[in-house]
Number of protein chains: 2
Amino acid sequence: MNGKVSTTRTKLERGRSALGPALELVHTGRAPTRAVLTSELGVTRATAGAVAAELEALGLIQVDSRPGSAAGSQGRPSHRLSVRESGPVAIAAQVHADGFRAALVGLGGRLVATAPGCVTVTADPAQVIGEVVDDCARLLRDSGLRCVGAGLAVPSAVAEPEGTALNPLHIAWPAGAPVSEIFADCVREAGIPGPAFTGNDVNLAALAEHRHGAGRGAQHLLCVATGHRGVGGALVLDGRLHTGSSGLALEVGHLTVNPEGRPCHCGGRGCLDVETDPLAFLVAARREPGPEESLLKQAGDLLRTEYEDAAVRGAAEELIDRLGLGLAGLVNILNPDRIILGGLHRALLDADPERLRAVVADRSLWGRSGSVPILPCTLDHNSLVGAAELAWQPVLDDPLAALA
Amino acid sequence: MNGKVSTTRTKLERGRSALGPALELVHTGRAPTRAVLTSELGVTRATAGAVAAELEALGLIQVDSRPGSAAGSQGRPSHRLSVRESGPVAIAAQVHADGFRAALVGLGGRLVATAPGCVTVTADPAQVIGEVVDDCARLLRDSGLRCVGAGLAVPSAVAEPEGTALNPLHIAWPAGAPVSEIFADCVREAGIPGPAFTGNDVNLAALAEHRHGAGRGAQHLLCVATGHRGVGGALVLDGRLHTGSSGLALEVGHLTVNPEGRPCHCGGRGCLDVETDPLAFLVAARREPGPEESLLKQAGDLLRTEYEDAAVRGAAEELIDRLGLGLAGLVNILNPDRIILGGLHRALLDADPERLRAVVADRSLWGRSGSVPILPCTLDHNSLVGAAELAWQPVLDDPLAALA
DNA sequence: TGAGTTTGTGCCGCAACTAAACAAACTGCG
DNA sequence: CGCAGTTTGTTTAGTTGCGGCACAAACTCA
């Protein structure tokens, strides 16, 4: 009765269940062509074709029938799949000790637009979050693009399901501030469509690195990073952030790495937190620490430019040994297949990768029988991209439902 | 054309994808009736009915149409679902310092038969495993039941995918013994059908407790337990054992819990392993340790019968404090929603639950804002039942494929 | 005894696939 | 240039697992 109409409609409404996995494959760059998509999904060519066509119809991806004579193998060249340039974006916001920043992030972790960012962070979370959301709204208006949701990265553990920031001490916010609720309210008031999410910055950095950076392909990815003060950790298991039962997992800052070390506010002494952060490095190198919001830069610059200096080198080696001890402890507990380091830890790895790898291998129980790769983070603005990943997640889980 | 035949066949071949989840619900006791099964699966009554009928046709479960006037609510009583008594079984074997043991375990973690077990464990893994598998084969022959596979629990970390025992020191086996391969070979030679699996005993105990014991319903279950010597840990995430990327996760024995403690073979000092095991307890209580293979019993008996003794009580409190420190460290990293303790740790919890909970709450970062429940293991032979769970897993994942 | 409630069952239809046959687009070789 | 060989896209015809619905069955309660 309705041959042509039914054919078209069938194409559009097909592939519901494989839609999410397919989009994720394109999003993470693991499906550059339709042929690869077919094999990665484990479905027939017909199904993969229908799925790709539907994602294109939704305005999320682009299918290039004419790949312009690709290289290599024989046979008919496969259609090229890519993220659609003018497709929807996610709002991403980040607050840290040296300011805040707003951005629009498309599929594939592509930064579409960035607001310059502000350097003053006041003690009132509602004010700061309100300002950064205003920046976001402005970016979105100027771009004229569709928005799927918003994500915020904060330098604090975020307790779920309440969404409260438990230790935002380094940005002078009150402990227990309901950042999740504040952000969601601001987003709604600014007229930004879609759901709003909030997460810890290191967690979100790890998520971004797993999907678009140094963590790609890892099944059990451990990420450890410093900001200006303190140490954060994150674990990505099978592509999903592991935040524990209430969002507080991977608080790795209080592993003991130096029994004779300085006391820590947690009640112990020699914690990773106070033994391997930028302040600890500057103190160990006998330098005068500058203002809190530039400790990371100060320590990183010192490490890179004056590594010949005996005091600097000695401090670096001391921190590398302590960091290695902490990482070994985490390896024994989590058994990751890859470790990535950010902040000062990344700089320490760059300074002497062999020393760090040796310490980890020596102090982890099974280090001798196969050591874990330790790599630096590679993504710019990984927390920002990770915040956007939160907002993209519902679309990746079920594109049809999320864009309805 | 074939109305009746097609109807019957449809019933039998229906519900393929929901079959596994449904069996798991019955297996873990979360679906006592068909009505509950319907809501837990989130499907229609028709689908749940077809699924239950197929599981019954496979000989796995029993559907009682006449529940004999159940209690409580109004409306038509639902059909009662239960594990079939004379259904298939899994072979379970366990090797530990004080002997080995064989059993048959049905669905629901029901011990169908147990071999008395032997108390001599030689240094040759092939010989020991061969003997225990012979016991298993005898049990299976005598029972006349169908077998879905076999599982072995060993007191050592088991590296995947090779299946080698990395630290079976307390049973005098050589490090790196290919226990997985040995077990699989023995099982095949003994004529036992189905696949063979090997795992660490604490991991398997945690799995069993999660499905049938104190860990039921936990989403992030942490289990810590002692044998006669040393400490083991396990984590069950969303119903699945988390063994890390190569099976070596949750080697929790080398967390530092006493900076001034005794040196450990790992290179550190004051490790959980040497500070909270039965030997440590006996030494702290100034008692003469007996033979290695009865340290757990000796320490447990001492703790239960002479808690009034000042030295015993002092030792217990010392160990509780150290254990609490270790657990707090794990809480900070893993953020579980429940902790269960086995071996001597279980006895320590029983001796003074408040003290242990207070230490964990005090030393975990977010302890004040909601502490983790800490419970004793409740299952007899939990490692044995857990070994059977390994063998049952393929059936739980896809009953049709596994029983074909 | 009848109303109300909850559950089991049969039937229809459909969305989401697979399988198979065919068409299209490339490479490489003679 | 033409043709075989290879790989991919497309179309068509099933297959199937499941939802929706209507109705029957089995209980409680008044």
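Numbers restart at 1 for each chain; the letters A, B, ... are given by sequence-line order, proteins then strands.
Within the helix from C:dT1-D:dA30 to C:dG30-D:dC1, the inter-axis angle between the opening and closing five-pair segments is 10°, rounded to 10°.
A salt bridge links A:R240 with A:D397: the distance from a Lys NZ or Arg NE/NH1/NH2 to an Asp or Glu carboxylate oxygen falls below 4.0 Å. In summary, B:R110 and B:E85 engage in a salt bridge, as defined by a charged side-chain N under 4.0 Å from a carboxylate O. By the 4.0 Å N-to-carboxylate-O rule, B:E40 lies too far from B:R30 to be salt-bridged with it.
Between C:dC26, C:dT5, C:dC22, one nucleotide has an atom nearer to the side chain of A:R45 than all others, and that is C:dC22. Checked against D:dC18, D:dG20, C:dG8, the side chain of B:A46 finds its nearest nucleotide in D:dG20. Among D:dC18, C:dT27, D:dG9, the nucleotide with an atom closest to any side-chain atom of A:R34 is D:dG9. Considering only the side chain of B:A35, C:dT7 comes nearest among C:dT7, D:dT28, D:dT10.
One can place CG of B:L37 at 13 Å from P of C:dT9, the figure rounded to the nearest angstrom. Atoms CG (B:L400) and P (D:dT16) sit 12 Å apart, rounded to a whole Å. One can place CG of B:L41 at 16 Å from C1' of C:dT7, the figure rounded to the nearest angstrom. In this structure, B:H79 atom NE2 and C:dT9 atom P are separated by 5 Å, rounded to whole Å. Taking atom CD on A:E54 and atom C1' on C:dA15, their separation rounds to 11 Å, with Å as the unit. Atom CG in B:D64 sits roughly 17 Å away from atom C1' in D:dC27 (whole-Å rounding). B:Q74 has its CD atom 5 Å from the C1' atom of C:dT5, to the nearest Å.
Side-chain contact of B:S246 with A:D337: a donor-acceptor pair under 3.5 Å is absent, judged by distance alone.
At least one side-chain nitrogen or oxygen of A:S78 sits closer than 4.0 Å to the OP1 or OP2 atom of D:dG9. Proximity of B:S65 to the phosphate of C:dG8: no side-chain N or O atom is located under 4.0 Å from OP1 or OP2. Side-chain nitrogen and oxygen atoms of A:T44 include none within less than 4.0 Å of the OP1 or OP2 phosphate oxygen of C:dC17.
Taking the six-membered ring where the residue is Trp, B:H27 and B:H212 present perpendicular rings, their angle passing 60° and hence far from 30°.
One can find a donor-acceptor pair under 3.5 Å joining the base of D:dT8 and the side-chain atoms of A:R76.
For the pair A:G75 and A:V43, both in contact range of DNA chain C, the more 5′-proximal nearest nucleotide belongs to A:V43.
Between the CG atom in A:L107 and the CG atom in A:L23 there is a gap of 5.5 Å [rounded to 0.5 Å].
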- Message: Set out, in order, the CA-CA distance, both residues' side-chain angles and the distance that settles ring-ring contact (aromatic ring centres under 6.0 Å, His included) for B:H210 and B:H220, then state yes or no.
- Response: CA-CA 10 Å; B:H210 180 270; B:H220 300 244; over 10 Å; no
